[in-house]
2 protein chains.
Amino acid sequence: MTNIRKVAELAGVSVATVSRTLKTPDIVSPGTRDRVLAAVEQAGYRPNLTAVQFRSQRTRNLVVLVPTIANTFYARVIGGLQAAAQRREYGILLCNTLGDERTERAYAGMVSTRQADGLIQLRAYDPFTASDGKARPPMVNACEVLDEAPCPTVRLDNRAAARVVTEHLLALGHRRIGMIKGPRNSPLTRDRLLGFQDALAVAGLTPDESLWCPGDFTPPSGYRAAGDLLARADRPTAIFCENDEMAMGAMRRIKEAGLRIPEDISVAGFDDIAFASFCDPPLTTIAQPAEDFGREAVALLLDIIDERDDAADKHRIMPFELVVRESTGPAA
Amino acid sequence: MTNIRKVAELAGVSVATVSRTLKTPDIVSPGTRDRVLAAVEQAGYRPNLTAVQFRSQRTRNLVVLVPTIANTFYARVIGGLQAAAQRREYGILLCNTLGDERTERAYAGMVSTRQADGLIQLRAYDPFTASDGKARPPMVNACEVLDEAPCPTVRLDNRAAARVVTEHLLALGHRRIGMIKGPRNSPLTRDRLLGFQDALAVAGLTPDESLWCPGDFTPPSGYRAAGDLLARADRPTAIFCENDEMAMGAMRRIKEAGLRIPEDISVAGFDDIAFASFCDPPLTTIAQPAEDFGREAVALLLDIIDERDDAADKHRIMPFELVVRESTGPAA
DNA sequence: TGTATGAGTGTAACCGGTTACATTTTGCTG
DNA sequence: CAGCAAAATGTAACCGGTTACACTCATACA
């Protein structure tokens, strides 16, 4: 394996000069510089980054924990993350945790063991135990955030967004609105449900909890939940799904029951994934600036790492937008 | 930062003994072992993995280059990759390249610069230039593979699979079949087109190239291509899309034209993504063992890295299955 | 008692860069 | 041409582990 010593020998200079030629070319004389670069070329030399990282105690890598990359919303967030990191010359180590806490802690350990300089967590779970004490590695929590996050966060005002969707349905005359919830312990689930209730309360309606069905953010769970809602004698005239994937499942179930969307029943989702505008009918949903979540998270994390910041408890709220398509219409 | 010397001092032993206690506990005496472990606990010691990697010249990390993680098929492949790697105590560094060659080369450089021990490429592009010469880093190419791959490959017999889909359409009586292709220079596109032609040839039909539309594996491109096909006076009675995402776009366009699927026109896809069974109507497509692609790729790569293997030109062909759903029916 | 054996532990070299400090070379001025 | 500052380059310590080799000491056996 060619190392810096081989190159130095080849160029007839010291290792320090080789290092300087590659890192700060302006402080070596032009003649030497040419000779060294030729030797680098000839030897096919690539610096051993492991050695550099070891020496500098900096890896310029960031670990990103994603609950599931299969979700197209997260895929967009990651796109934003990567672009931002690349611009600052940081690499992204992407970890698909599937929500498994053991896996999350294992990957988070890459920061404790100095394989990465910081961590971006896209789920409301803190992989560092109390025993890590005050020496908490640099971390940012985005998208689904902890209530009392021990770090900066980037999130949507999910409650307000859910309220806007619900108000849209209410404005269309819907009074019995079904709700398909996300995973039980997710703050997203809770906040979106709260926003839903807020809107009902403002409209002077008493919420009917029997219309709230459990789901897990996957199409099959939306399919099942919709089945339960349709089986009722007093089925709702609209269903608000806490994400688009469940809305897709719900729409499938509604069609199998021989009902029309939105004539017989309206459906609204959340996230505005790529398929939302291509399903039948196109889905009314909440659009989020997914890429910006990634960008912001990187910016905040690098602030901590570079200690440009002391507070370290900045919290960003990203904007959302209701996208009205054809899956919602006037109540029958 | 607590390091091994601090722990050694705390336990009253040498650094070698600390190292041995953690790596080969059976060769230190029980008394010493307890003392060292207590010191490790007390100091909150985590070995600096960068130092370990540097010293051992092994990172136990694998780089995976994914064209786009937003594609749910790739997401499943990655799931398989991660599970397999974790079992062998390797980490996965996932890179979303978006097909950008500069990004791919940059991340592939992580192997040349010894930040990772090997590379799994899910796209038909070789990120190593000829100048890397015979010192090619360990690499495996999966899913979309190079024709003359300089490394082991894991792939589907795309040609045979496309032929099976086409035969299914022919058996339903379709004679004018439209084709929505993938990216121009992808071997997937070419092989699936070849299989399509194979089936037509066997059926004694002359292929009509004007029915082959360009696409790029995204829903909007399927939407546009379907528009072109429907605008023809002699529009096809079936459309074979080279992947499911384009099929979703095509179905949307067909419905907007007021046509029914499959009564007026049949649609078939490829990949069997999660939404394939939830769109309207559920999509006939080719299912691939996505997770197995990942598992196999890791197995082959570790064979090379551990030099269990000298040949290094093993090629695995994975099985596929035609999944007939409701988007295909008898020709009108 | 002397010696061989082996378990347990310590010492220090090593991995490949970076960089503080020392040394040499160059350029300029009087 | 001496003398000095500045520029260019070299020397070697250092990052934090791992491990070959050396050493100590208890035990077993002749």
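Source: prediction; values computed, not measured. Each chain gets a letter, A, B and so on, in the order its sequence line appears, and its residues count up from 1. All values below come from the heavy atoms of this structure, side chains included, with hydrogens, waters and symmetry mates left out.
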Counting any heavy atom closer than 4.0 Å, what does B:Thr32 reach on the DNA or RNA strands: base, sugar-phosphate only, or nothing?
-> sugar-phosphate
Quick tally for nucleotides 12-22 of chain C: nucleotides whose base has a protein heavy atom under 4.0 Å get B, sugar-phosphate-only ones S, the rest -, giving B-BBBBBBB--
To the nearest angstrom, how far is B:Ile27 atom CD1 from C:dG10 atom C1'?
-> 13 Å
Applying side-chain hydrogen bond (donor to acceptor under 3.5 Å, both in side chains) between B:Gln115 and each of A:Thr50, A:Asn61, A:Thr59, report the one that passes.
-> A:Asn61
Does the B:Gln121 side chain pair with the main chain of B:Tyr125, one donor and one acceptor, at a distance under 3.5 Å?
-> yes
Looking only at non-hydrogen atoms, find the nearest pair between B:Leu146 and B:Pro150 and report the distance.
-> CD1-CD, 4.0 Å
Can B:Arg136 be said to sit on top of B:Phe128's aromatic six-ring, NZ or CZ under 6.0 Å from centre and within 45° of the ring axis?
-> no
Using a cut-off of strictly less than 4.0 Å, decide whether B:Ser29 has a side-chain nitrogen or oxygen near OP1 or OP2 of C:dT9.
-> yes
Check whether any side-chain N or O of A:Arg114 sits under 3.5 Å from a backbone N or O of B:Arg46 as a donor-acceptor pair, and report yes or no.
-> yes
